[in-house]
Amino acid sequence: MLQEAIITNIREDGLAEVVVERSGICGGNCSECDGCRYDNLMKTLVRNPIGAHRGQHVYIEMPTLGVLKGAVFIYVLPLVMLFAAYFVAALFGADEGVRIATAFGGAVLGIMIAALLSKKQHGKNPTPAEIVSVIDDQEEL
């Protein structure tokens, strides 16, 4: 997955700090809703194998598989755990209130598992994104 970014700082460890404009739920058309007007910029660290400089407009690449795994961890797993816990409680003949409480517990457990998996993945590769090319070769003065 390619995204445009601007390099704000080059660190001594070879990583670059970049600012990425992320599109919100509305698809980035902020003139329509103003809901994300000031929250659409995100700072992040990326690898800089091409030696780009501060102020350059660059493309960064994030592994698509990593993005999809993250989405599954964060969104799908807690939802699956919620429904699974509800139906397991139903199989044991629990009352509706107990089913709902069990479902809530399953969702919380799913969130905790997702957080652990995310932390484990981050430990393996803390900066999966990297600069792949320079778009604008004008350096900041």
Side-chain angles (χ1 to χ4, degrees), residues 1-92 94-141:
M1 181 167 95
L2 281 178
Q3 286 187 294
E4 293 182 29
I6 297 174
I7 300 174
T8 59
N9 190 25
I10 301 294
R11 295 178 11 162
E12 290 181 15
D13 60 2
L15 297 177
E17 296 175 11
V18 298
V19 174
V20 180
E21 185 173 6
R22 60 181 174 187
S23 56
I25 295 171
C26 61
N29 191 0
C30 292
S31 63
E32 296 291 322
C33 70
D34 287 333
C36 61
R37 175 176 242 163
Y38 301 106
D39 293 336
N40 64 343
L41 295 179
M42 178 180 73
K43 283 187 165 187
T44 189
L45 287 175
V46 297
R47 291 190 307 264
N48 186 11
I50 66 170
H53 302 287
R54 183 174 186 246
Q56 288 184 315
H57 194 174
V58 296
Y59 279 121
I60 61 171
E61 185 172 32
M62 177 72 123
T64 304
L65 184 60
V67 173
L68 291 175
K69 278 184 185 178
V72 168
F73 289 163
I74 301 300
Y75 298 110
V76 177
L77 183 62
L79 193 61
V80 167
M81 293 291 290
L82 179 134
F83 285 113
Y86 181 89
F87 289 117
V88 167
L91 285 175
F92 285 106
D95 292 340
E96 187 67 22
V98 173
R99 290 180 195 176
I100 292 171
T102 304
F104 178 74
V108 170
L109 181 62
I111 291 169
M112 290 170 42
I113 292 170
L116 288 173
L117 290 173
S118 177
K119 188 176 276 193
K120 181 180 176 184
Q121 186 65 29
H122 180 74
K124 286 181 184 176
N125 192 3
T127 53
E130 70 178 23
I131 298 171
V132 292
S133 65
V134 175
I135 299 171
D136 182 7
D137 212 10
Q138 279 188 326
E139 293 184 33
E140 188 176 289
L141 298 176

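Residue numbers run from 1 in the order of the sequence given. Being a predicted model, the structure only gives us computed values, none of them experimental.
- Going from atom CG of L82 over to atom CZ of F87 covers 9.5 Å, rounded to the nearest 0.5 Å.
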Q: Quick one: do I135 and V58 satisfy side-chain contact (heavy atoms from CB on, under 4.5 Å)? Show the steps, please.
A: CA-CA 5 Å; I135 299 171; V58 296; 5.6 Å; no

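- Heavy-atom minimum distance, A52 versus I10: O-CD1, 3.4 Å.
- Of all heavy-atom pairs between L77 and A114, the closest is CD2-N, 3.9 Å.
- Side-chain contact between I60 and V132: absent, with no pair of heavy atoms (C-beta onward) separated by less than 4.5 Å.
- The main-chain N or O of V98 is found under 3.5 Å from a side-chain atom of T102 such that the two form a donor-acceptor pair.
- Among all heavy-atom pairs drawn from G106 and A85, the shortest one is CA-CB, 3.9 Å.
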Q) Where do I6 and V18 land on the side-chain contact (heavy atoms from CB on, under 4.5 Å) test, with the steps shown first? A) CA-CA 5 Å; I6 297 174; V18 298; over 6 Å; no

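- Q3 is not listed as a side-chain neighbour of Y59, based on a closest heavy-atom distance of 4.5 Å or more.
- Closest approach of M81 and G110 over heavy atoms only: CG-CA, 3.7 Å.
- Between R54 and T8 there is no side-chain heavy-atom pair separated by less than 4.5 Å.
- Checked options L45, V46, I7; the residue passing with E17 is L45 (criterion: side chain to side chain contact (heavy atoms under 4.5 Å, CB included)).
- A heavy-atom distance below 4.5 Å is not found between the side chains of V19 and M42.
- Distance check: H57 NE2 to E4 CD gives 4.0 Å after rounding to the nearest 0.5 Å.
- Between V134 and I50 the shortest side-chain heavy-atom distance falls below 4.5 Å.
- The CG atom of L109 sits 12.0 Å away from atom CZ of F104, with the distance rounded to the nearest 0.5 Å.
- Judged as a side chain to side chain donor-acceptor pair (under 3.5 Å), and not counting sequence neighbours, the contacts of D13 are R11.
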Q. Going through the distances and angles, do E96 and Y86 end up as a side chain to side chain donor-acceptor pair (under 3.5 Å)?
A. CA-CA 9 Å; E96 187 67 22; Y86 181 89; 3.0 Å; yes

